[in-house]
Amino acid sequence: MKMLGIDIGGSGIKGAVVNTKTGELLTERFRIATPKPATPEAIAKVVQQMVMHFEWKKAVGCSFPTTIVNGKCIHSGNLSPKWLHVKVDKLFKKTCKVPFYVSNDADLAGLAEVTLGAAKKEKGVVIAITVGTGIGSGLFYKGRLIPNLEIGKMLHTNGKIIEFYTADSTRKKEELSLEEWALRLDALFEYIKIVYTPNLLILGGGISKKYDAFKKFLKVDVPIRVATFKNNAGIIGAAMYASKNSK
C-alpha cells in the first residue's frame, strides 16, 4: 500500500511516498529543479537524490514526460535528445540500486484520476490532459488505459507541433494573457472533441490551479473537470503503477 512515486517534469522533479489505495501522500512532497541540460545522467543523479531523501529501499514508480514503451524512451520529448532509445527503467535501477517502473507522465496522472480521482465513476471515453512545459495526454475507455496517446505531438494548422502553441510554457514565453492562451487551449479541445468524442476531459498539470480564472473562455461542449490530485497526480499514478507491476 506504501510506494514511492516520482514525477519527472520539464521544470521540476517531485516525489512522495503514497498510499496507493487512497492516493494520500504519506510524506511531504520533495522537489528538486530539473537540471539543465536534462541529460540522462543528470536526471538519474536527481532521481538518486530523491530515493536517498526518502531512504527508500523498495520498488519505485516513475512518471516520465514522453512516450515510454517497455521502459524505453522512444521519443526525446522536451528534456534532451540524448534520451532517445534509453531504457529509462534500467538506467534508474542501475543508478539507485532498486527496481523502477516507468511510464508516460500523462498516462499515470490519468491512471490516478480514473482510479481514485475526478473520473472515478466515468465509464466512457476519458482523456486526461496535463498542461505544463508541454502537453501530455492519457486516453481511457471504461477505466482502462490505452497507452501513449500523444495529442501534444499533433501538428497545428501552422505545421508546427501543437504543444509549442498551447503549452503553459508558451503562455509564459509569449507573455500571453490567460484569455489569449485559453482560446488556444479551447481550439485544441475542440479538435480533441472531433477526433475522439470524449465523455469527459480531465485537466491537470500546473495550469490546472488557474482553471477558475480561465474556464469562462472555454467554449468546447465537453464536460471538463480539474484533476482531483492536481499537480500530485503524476506522483500518485506513478506509485500506483509500481504497486501494480511489482507484485
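Bear in mind the structure is a predicted one, so any value in this text is a computation, not a measurement. These values consider heavy atoms only, across backbone and side chains, with no hydrogens, waters or symmetry-generated copies.
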Side-chain touch Asn78/Pro65, heavy atoms, less than 4.5 angstrom: no

Any residue meeting side chain to side chain contact (heavy atoms under 4.5 Å, CB included) with Val114, in chain and number order, not counting sequence neighbours: Ala119, Val126, Phe140

How long is the gap from CD1 on Ile162 to CD1 on Ile135, to the nearest 0.5 Å? 8.0 Å

Without swapping roles, check the side chain of Thr130 against the backbone of Ala106 for a donor-acceptor pair under 3.5 Å. no

Checking the side chain of Gln48 only, and the main-chain atoms of Thr95 only, is there a donor and an acceptor separated by less than 3.5 Å? yes

With a sphere of 6.0 Å drawn around NZ of Lys230, does it hold more than 12 non-hydrogen atoms of other residues, nucleotides or ligands? no

Hey, what's the ring geometry for Tyr241 with Tyr101, parallel, tilted or perpendicular (30° and 60° as the breaks)? perpendicular

By the definition salt bridge (Lys or Arg N to Asp or Glu O under 4.0 Å), identify the one residue from Lys216, Lys215, Lys210 that meets it with Asp212. Lys215

Does a side-chain heavy-atom distance below 4.5 Å link Asn104 with Leu108? no

Under the side chain to side chain donor-acceptor pair (under 3.5 Å) definition, can you give me all pairs with a residue in residues 184-193, not counting sequence neighbours? Glu174-Arg184

Atom NZ of Lys160: over 12 foreign heavy atoms under 6.0 Å: no

Distance col, row Ile32:CD1 vs Ile6:CD1, nearest 0.5 angstrom, shows 9.0 Å

Output for pair (Leu84 CG, Leu79 CG), nearest 0.5 Å, gives 12.5 Å

Do the side chain of Arg171 and the main chain of Trp181 share a donor and acceptor less than 3.5 angstrom apart? no

State whether the number of non-hydrogen atoms from other residues, nucleotides or ligands found under 6.0 Å of Asn158 atom CG is greater than 12. yes

Taking the side chain as every heavy atom from C-beta outward, state whether Ile68 and Cys73 have any atom pair closer than 4.5 Å. yes

Between Thr228 and Glu113, is any pair of side-chain heavy atoms under 4.5 Å apart? yes

For Pro147, give me all partners under side chain to side chain contact (heavy atoms under 4.5 Å, CB included), at least two apart in sequence or on another chain. Asp107, Leu145

With side chains defined as the heavy atoms from C-beta onward, is the minimum distance between Val222 and Ile192 less than 4.5 Å? no

Once ring pair (Phe, Tyr, Trp, His ring centres under 6.0 Å) is applied, do any residues pair with Phe92, and if so which ones, sequence neighbours excluded? Phe100

Output for pair (Trp56 CH2, Met3 CE), nearest 0.5 Å, gives 6.5 Å

Which heavy atom of Leu4 sits nearest to which heavy atom of Ala16, and what is that distance? CD1-O, 3.4 Å

Under the salt bridge (Lys or Arg N to Asp or Glu O under 4.0 Å) test, which residues partner Lys14, sequence neighbours left out? Asp7

So Ile8 and Asp105, do their side chains get closer than 4.5 Å, heavy atoms only? no

Which word best sums up how the rings of Phe30 and His53 line up, parallel for under 30°, tilted for 30 to 60°, or perpendicular for over 60°? parallel

Applying side chain to side chain contact (heavy atoms under 4.5 Å, CB included) to Ala128 and not counting sequence neighbours gives Ile202

Using only atom types and a distance under 3.5 Å, with no angle test, would you say the side chain of Lys82 pairs donor to acceptor with the backbone of Ala38? no

Are any non-hydrogen side-chain atoms of Val88 and Trp83 less than 4.5 angstrom apart? yes

Thr67 (side chain) donor-acceptor with Ile74 (main chain) under 3.5 angstrom: no

